[in-house]
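Here the structure comes first, spelled out in structure tokens, and everything after it is commentary.
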Amino acid sequence: MSTRPELAAAFTPADIEGVLYKKWIEAGYFKADAKSSKPPFTIVIPPPNVTGSLHIGHALDHTLQDILIRMKRMKGFEALWLPGMDHAGIATQNVVEKQLAAQGLSRHDLGREDFVKKVWEWKAESGGAILDQMKRLGDSVDWSREAFTMDANLSHAVLEIFKRLYDADLIYRAERIINWCPRCLTALSDIEVDHKDIEGEFVQITYGDAGEDQISIATTRPETMLGDGAVAVNPDDDRYKHMIGKLVKLPYVNRMIPIIADELVDPEFGTGAVKVTAAHDPNDFEMAMRHNVPMVIIMNENAVMAGTNTQFDGMDRFDARRAVVEQLRKDGRIGWEKRPYMHSVGHCSRCDTIVEPRLSKQWFVKVAPLAKAAGDAVRDGRVKIEPEELSPRYFEWIDNMHDWCISRQLWWGHRIPVYYGPNGEVVVCGPNDTPPAGYEQDPDVLDTWFSSALWPFSTLGWPAQSEDLAKFYPTSVLVTGYDILFFWVARMMMWGLFAMDGVQPFHTIALHGLVRDKFGKKMSKSKGNVVDPIEFMDKYGSDALRFTLARGANPGSDQALAEEWIAGARNFATKLWNATRFANMNGATTQGDLPEFDSLDDVNKWILTRLDETVADVDQYLEKFEFAKACELIYHFAWDDLCDWYLELTKSSFAKGGSAATDTQRVLGHVLDQLLRLMHPMMPFITEELWCNLTGEETLVTAAWPKFDPSKRDEASIAAVAKVQDIVTEIRRFRNDQGIKTSARVIARFNGMKEAGLASYEDAIRFIVRCDNEDGNFTSKVEVAGITVEFDLSGAIDIKAERARLTKDLAAAEKDRNTAKVKIENEGFMAKAPMEVVQEIRQRLADTTADIERITSALAALPAE
RNA sequence: GGGUGGUUAGCUCAGUGGUAGAGCGCCUCGUUUACACCGAGGAUGUCGGGGGUUCGAAACCCUCACCGCCCA
């Protein structure tokens with residue numbers, strides 16, 4: 001009866017996904033129009049590293065963003081999801097350097113210019129693998145706006161903000177202790193350092209020669225003693241008070257260093273006296289500043305000892321540690337030694353090398369005013385953090401932020417736009433400035449996060465007053481993992497508020513968690529529990545992966561992921577496929593007006609009511625970023641209400657035909673139509689395929705989002721169908737207990753259907769439970785929902801099974817009655833509980849009492865075995 | 001050390017005051033024309049321990065224990 005193409009008997013994701021994505025791109029559905037009169041809805045993608053490939057965390061992050069974007073697009077917003085990548089300074093440089101190393105070359109062999117050229121070549125050939133993988137996932141991003149942090153216009157934005165910050169005295173150059181990675185040979189910011197507990201040593205060392213003043217310090221880094229400028233004690237420590245101000249001789253370097261008093265020293269720690277190595281420890285540096293202690297650098301940039309004029313020069317820092325301890329021990333200067341000693345040590349987040357704190361001249365951002373503004377924007381509600389529980393973490397960090405070291409000793413990145421004149425002049429050049437002749441540019445580049453912090457507006461054309469910027473800034477929501485709250489989110493807040501005259505970069509920060517393995521353990525290469533989203537998509541389809549991830553996404557919390565769950569989501573997709581096939585076979589349609597609601601039978605009223613409730617709740621949950629809850633509702637509506645009940649209940653009606661069948665065809669068409677719309681953001685491929693097949697329309701991508709109308713709900717139909725469900729379930733249970741095969745037909749008589757208002761359902765019920773309406777010898781019965789069903793089992797009733805069944809029911813009813821009875825007999829409850837609760841308990845008591853009577857008499861009526 | 005989240009079925013997790021839930025797994029039965037990537041039925045919990053508030057606590061308060069994350 002329909003001209004639509006027949007759906008394949010089985011759903012094969014690979015058959016449709018690529019085709020549909022291509023269709024969407026060609027049709028330009030994902031392109032946002034800055035001239036549109038529709039209200040904007042903007043998300044900028046957290047730019048993945050150009051070196052990266054799609055991991056399961058991206059899959060989650062992108063799925064959630066795509067859900068929001070697709071929903072808003074369907075709701076009539078001008079939806080822009082802006083894709084792009086990050087140049088990932090250190091990571092990318094490492095990749096290319098590794099390639100060079102394979103040919104026995106270093107970047108210095110090529111020189112700066114050629115090396116950078118090489119990196120661009122690498123990007124053109126191998127970079128951006130993730131972009132194609134995003135297409136697999138179905139990301140509805142606007143590819144025409146794809147951005148890269150090193151693009152000309154984005155680089156332009158970097159120069160602009162640098163200049164503005166510099167002019168506002170928010171960027172400065174200073175000699176400070178920074179985190180130095182001796183492998184990457186660059187400075188790192190605090191958050192690029194991971195602190196890990198490792199086994200080290202803690203040793204007591206005596207300074208000063210015999211016969212002179214001596215003092216014992218304790219340290220985990222004996223080799224740095226060569227750079228000590230003082231020994232510090234707590235001013236209130238009676239053990240050392242008399243020594244404050246005296247000088248002791250530092251072994252091997254033979255320098256006289258003072259004993260100073262500083263509150264920072266914890267008398268309980270070690271010997272209560274600590275060495276002060278100003279150039280190699282941030283705390284020591286602070287003390288040194290307060291007490292004018294000299295700062296002695298004792299290592300070169302490779303963390304090899306240098307310039308100490310001792311036998312240790314030329315040794316790697318860890319070799320030097322052993323050698324220094326050995327020498328000290330020989331010289332009788334070692335007291336106690338604790339080894340292994342667990343303590344926290346900073347590691348380079350890029351290459352895991354132990355970071356060396358190092359005195360070095362670098363560029364910094366003065367964060368105080370910027371961070372204050374970033375904190376206030378959340379404090380005063382202009383920016384919402386979802387879930388709210390994560391905002392203390394944001395405040396804690398942003399309110400205590402240290403100045404940000406932004407210079408990196410790399411070649412890949414935005415070169416610092418500062419030029420030095422022959423006489424030490426410093427000139428900062430904006431995008432349109434030309435440096436004075438003879439000036440030399442600073443060799444360093446900027447921290448990658450410096451440019452990604454501009455992402456929400458540099459990608460929209462800033463600093464130009466572009467149409468995009470006017471239409472799509474501020475962005476609507478930022479969706480990202482809580483793990484980069486500090487790296488990226490906080491910095492976008494600072495830059496956005498500064499550059500955009502106080503307008504925040506996004507209205508809402510929606511944070512999600514990390515994807516973990518099926519036991520909730522963190523995925524890691526060493527544990528071997530890392531999963532590949534591409535593999536899952538190949539095996540189960542993108543929709544299945546997306547639905548699984550969305551279904552597990554409770555705001556801000558991690559989720560466990562197992563292959564079985566994805567298989568389950570694939571099964572769900574198949575279920576939907578088959579439900580649509582069933583609808584097609586039975587002439588479901590979306591053409592013409594829906595029959596008048598009041599004219600429909602209860603089953604149709606019921607499914608429409610349930611649909612309306614589901615649409616309303618799903619809508620609300622998605623607006624609140626409650627993806628897991630939204631998916632859960634969809635899953636149960638589609639599987640339980642629609643497939644398990646509605647489709648089953650309609651079968652007899654379709655078999656009979658007539659006007660009831662016609663109504664049902666239209667209602668079924670409508671319900672599927674709306675359900676597919678509702679599911680499209682989560683499962684875009686299969687819903688597109690099924691919906692176009694069902695409706696004959698071109699695309700679901702731009703179809704209207706379902707509306708809901710609580711006035712079109714019918715509570716009575718809910719109650720009626722609940723009764724029908726009880727009856728069916730009870731008969732099935734009886735049949736099951738009696739060992740009657742599902743396919744076997746049984747003669748049964750239904751009593752009291754009319755009185756219960758269920759007469760019109762008898763046929764449907766009989767159809768489902770295979771009970772024929774014929775005369776018989778009715779030897780057993782089931783009572784449920786106020787009706788009685790008698791069965792002719794040809795005398796072959798299993799009395800034992802029946803007794804067991806009834807006994808079990810009796811026990812349950814007695815237990816229920818008892819809990820109700822206890823409450824009713826409780827004076828406090830009767831006096832204080834709200835009326836409706838009391839009413840409910842009373843009803844329960846009455847119901848269970850009746851149940852008990854009924855079951856007891858049924859048991860008594862059972863013949864002896 | 002500071003902050004913060006958690007402890008509910010075998011596993012992973014929902015559940016913010018009124019008879020404990022889901023998915024997966026498990027047991028039994030079943031190929032009845034949408035679907036075996038399925039259907040029907042079933043089993044499974046001192047809701048971490050202890051105390052308190054309340055007519056009523058998985059939920060609120062206190063306390064202890066254990067696990068996790070962030071920051072130092």
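Protein chains get the first letters and strands the later ones, always in sequence-line order, with residue 1 at the start of each.
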Going by the ring-ring contact (aromatic ring centres under 6.0 Å, His included) test, which pairs reach into residues 801-840 of chain A, not counting sequence neighbours? none
Test for a donor-acceptor pair under 3.5 Å between the base of rG25(B) and the side chain of E564(A), counting only N and O atoms. no
Expressed as a whole number of Å, how far does the P atom of rA14(B) sit from that of rC29(B)? 36 Å
Distance between the P atoms of rC64(B) and rG25(B), in whole angstroms? 42 Å
Let me know, please, whether I841(A) or W565(A) comes out on the 5' side of the other along RNA chain B by nearest nucleotide. I841(A)
I need the CD-C1' distance between E648(A) and rA34(B), as an integer number of Å. 9 Å
Going by modelled atom types, is there a donor-acceptor pair between the base of rC11(B) and the side chain of K518(A) at under 3.5 Å? no
What nucleic acid atoms does Q843(A) come within less than 4.0 Å of, heavy atoms only: base, sugar-phosphate, or nothing? nothing
Applying the 3.5 Å cut-off to both distances, the Watson-Crick or G-U partner of rG1(B) turns out to be rC71(B)
Considering only atom P, compute the distance from rA72(B) to rC11(B) and round it to an integer number of Å. 36 Å
Do the charged groups of E563(A) and R570(A) touch, with an N to O distance under 4.0 Å? no
Looking at R770(A) and R745(A), would you say the former's side chain and the latter's main chain have a donor-acceptor pair under 3.5 Å? no
Tell which nucleotide pairs with rA34(B), taking only Watson-Crick or G-U wobble pairs whose two distances are both under 3.5 angstrom. none
Which value, in whole Å, describes the distance between the P atoms of nucleotides rC66(B) and rC27(B)? 37 Å
Parallel, tilted or perpendicular: which one describes the rings of F572(A) and F547(A), with boundaries at 30° and 60°? tilted
base_contact_polar (rU4(B) base, R393(A) side chain, donor-acceptor, <3.5 Å): no
Complementary nucleotide of rA65(B), counting Watson-Crick and G-U pairs under 3.5 Å: rU7(B)
Does rC60(B) have a Watson-Crick or wobble mate here (both distances under 3.5 Å), and if so which one? rG52(B)
Using purine N1 to pyrimidine N3 plus N6-O4 or O6-N4 for Watson-Crick, or N1-O2 and O6-N3 for G-U wobble, each under 3.5 Å, what pairs with rU16(B)? none
Looking only at atom P, what distance separates rG50(B) and rA65(B), rounded to whole Å? 15 Å
Checking R491(A) against W404(A): charged group under 6.0 Å from the ring centre and within 45 degrees of the axis? yes
Using the P atom in both, what is the distance from rA43(B) to rG10(B), to the nearest Å? 15 Å
Nearest-nucleotide wise, let me know which of E632(A) and F767(A) is further upstream toward the 5' end of RNA chain B. E632(A)
